[in-house]
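First comes the structure, then the notes that go with it.
Just so you know, residue 1 is the first one in the sequence shown, and it goes up from there. Heavy atoms only: backbone and side chains are in, while hydrogens, waters and symmetry mates are out. First listed ligand is number 1; within each ligand, the first listed atom is number 1.
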Amino acid sequence: MTDQESQEPAYSRVLLKMSGESFCRSGESGISMAEVASISEQIQRVADSGVQLAIVCGGGNILRGKHFASVSHAINAPTAHYMGMLATVINGLALQDALENAGVPTRLQSAIRMEGVAEPFIRRRCVRHLEKGRVVILAAGTGSPFVTTDTAAALRAREIEADVVLKATRVDGIYAEDPEKNPHAVRYNEITYQDVLRQGLEVMDAQAIHHCMEHRLPIVVFNYQKEGNIERVIAGERVGTRVIATPDE
Ligand code: UDP
């Protein structure tokens, strides 16, 4: 496969997964509003183009349940996961604020009820917001412990009938090997779900890949830090790596 651009159909409803790391500076933790504002500028242009956009926020910049429970034995694992889910709400609030400052109408929906901070996630309401041109930020993952926001992204994408899951990362796509360890590592333009699972490529968690595979929901893994990339992916340009059922699809 080549890097040539080809005319792909544009997507009309998109589920964008923003990991917690996109809310902070590289190598740091917490929240950098400068980073959030920069993502918001790209999102604003996508929203202005009329594409319906739902965003699932991660929380790893603040806390990941599995890691926290393993280093802090005094906490029960489910509690740690609930803390992780709450971290995604903190990110969701930051993103909502930045988007609203940029003039983008938004709604924040949470899988864990917290009136006064966010609407509850209600599928039909979420879809109505999208149809009205609001960017919907989906926080608190699935609302259940022991899974990640990758899984939440795959499930929500199905629920709202998104055309694609966009996984925004800091690398240019999926590589056969870690590009930081091997600068000559090959990047795939396209790869099948099966190959991602077989090769144990760390793209999204396996549950999320399985879910997308079962429903033939394409995933695009791309570098959101390259200016304009979110728009390019949504326009159907060959950016990053597409994960699909068969390479010719
Ligand atoms: N989490 C959870 N259930 C969910 C989604 C997330 O328990 O449905 C917890 C889990 O502990 C996870 C944390 O929230 O580690 C933060 O999400 P994630 O690790 O997916 O964030 P990211 O890696 O995308 O920054």
Side-chain angles (χ1 to χ4, degrees), residues 14-33 35-36 39 43 54-96 98 108-114 117-118 120-123 126 136-160 162 165-171 174 178 196 201-212 219-225 230 240 243:
V14 166
L15 188 302
L16 176 66
K17 161 71 204 292
M18 301 289 321
S19 298
E21 65 170 12
S22 48
F23 289 80
C24 62
R25 288 196 192 85
S26 184
E28 295 184 6
S29 58
I31 298 184
S32 156
M33 282 312 284
E35 294 287 323
V36 183
I39 301 165
I43 294 171
I55 304 173
V56 167
C57 298
N61 55 319
I62 300 171
L63 190 141
R64 285 197 179 91
K66 198 171 167 188
H67 174 75
F68 190 61
S70 71
V71 295
S72 174
H73 300 290
I75 195 131
N76 286 315
T79 308
H81 285 287
Y82 281 114
M83 292 166 75
M85 283 186 269
L86 296 183
T88 74
V89 182
I90 294 176
N91 286 336
L93 283 167
L95 182 59
Q96 180 176 41
L108 176 63
Q109 293 201 335
S110 169
I112 297 174
R113 284 186 169 261
M114 45 180 84
V117 172
F121 172 74
I122 297 171
R123 188 190 76 84
C126 175
V136 183
I137 302 163
L138 299 170
T142 62
S144 297
F146 306 119
V147 291
T148 70
T149 51
D150 283 352
T151 298
L155 293 172
R156 293 296 187 235
R158 276 284 293 155
E159 278 185 89
I160 66 169
V165 174
L166 303 183
K167 165 100 179 185
T169 71
R170 285 181 170 162
V171 285
I174 304 175
D178 184 344
V196 169
L201 298 171
E202 288 175 11
V203 185
M204 286 184 100
D205 72 43
Q207 245 178 304
I209 301 280
H210 272 290
H211 188 77
C212 291
I219 305 165
V220 183
V221 180
F222 72 103
N223 186 347
Y224 72 91
Q225 287 193 306
I230 301 181
V243 187

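Annotation for ligand 1: atoms under 4.0 Å from non-hydrogen atoms of G58 are 21 (O), 22 (P), 24 (O), 25 (O). Remark: ligand 1 atoms within the under-4.0 Å shell around heavy atoms of P145 are 7 (O).
The residue among I112, D150, T149, T169 with a heavy atom at the shortest distance from atom 17 (O) of ligand 1 is T149. For atom 16 (C) of ligand 1, the nearest non-hydrogen atom from the set N91, V147, L63, T148 belongs to L63. Between G84, P78, G20, it is G84 that holds the heavy atom closest to atom 13 (C) of ligand 1.
Distances between N or O atoms of G59 and those of ligand 1 include at least one value under 3.5 Å. Distances between N or O atoms of G60 and those of ligand 1 include at least one value under 3.5 Å. For ligand 1, the polar-atom distance check finds an N/O of S144 within less than 3.5 Å of one of the ligand's N/O atoms. Checked by distance only, ligand 1 and T88 stay at 3.5 Å or farther apart across all their nitrogen or oxygen atoms. At least one N or O atom of T142, backbone or side chain, sits closer than 3.5 Å to an N or O atom of ligand 1. Ligand 1 has a nitrogen or oxygen under 3.5 angstrom from a nitrogen or oxygen of G65.
N76 contributes no side-chain N or O that, together with a main-chain N or O of P78, makes up a donor-acceptor pair within less than 3.5 Å. Side-chain atoms of R113 never come within 3.5 Å of backbone atoms of P120 as a donor-acceptor pair (strictly under, hydrogens ignored). In this structure, S72 contributes its side chain and A69 its backbone to no donor-acceptor pair below 3.5 Å.
The line from CE of M18 to CD1 of I137 is 11.0 Å long, rounded to the nearest 0.5 Å. Atoms CG and CD1, on L15 and I160 in that order, are 5.0 Å from each other to the nearest 0.5 Å.
Remark: R170 CZ is packed, more than 12 non-hydrogen atoms of other residues, nucleotides or ligands lying under 6.0 Å away.
Between F146 and ligand 1 there is a heavy-atom distance shorter than 4.0 Å.
Nearest heavy atom pair, residue V36 against residue A94, reads CG1-O, 3.8 Å.
Here Y82 has no heavy atoms under 4.0 Å from ligand 1, in either its backbone or its side chain. Of all the heavy atoms of A87, none lies under 4.0 Å from any atom of ligand 1, so neither backbone nor side chain is involved. Proximity of K17 to ligand 1, defined as any heavy-atom pair under 4.0 Å, is confined to the side chain (atoms from C-beta onward).
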### Full working for side-chain contact (heavy atoms from CB on, under 4.5 Å) between T149 and K17
CA-CA 8 Å; T149 51; K17 161 71 204 292; 3.1 Å; yes
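At a cut-off of 3.5 Å, with distance as the only test, a side-chain donor of D205 or T151 sits close to an acceptor on the other residue.
The single protein non-hydrogen atom nearest to atom 9 (C) of ligand 1 is H81 O, 3.5 Å, given as residue, atom name and distance.
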Could you go through residues 22-32 and list every donor-acceptor pair under 3.5 Å that involves a side-chain atom there, pairing it with any protein atom two or more places apart or in another chain?
{"unit_1": "S22", "atom_1": "OG", "unit_2": "S19", "atom_2": "O", "d": "2.4"}
{"unit_1": "S32", "atom_1": "OG", "unit_2": "A34", "atom_2": "N", "d": "3.4"}
{"unit_1": "S32", "atom_1": "OG", "unit_2": "E35", "atom_2": "N", "d": "3.2"}

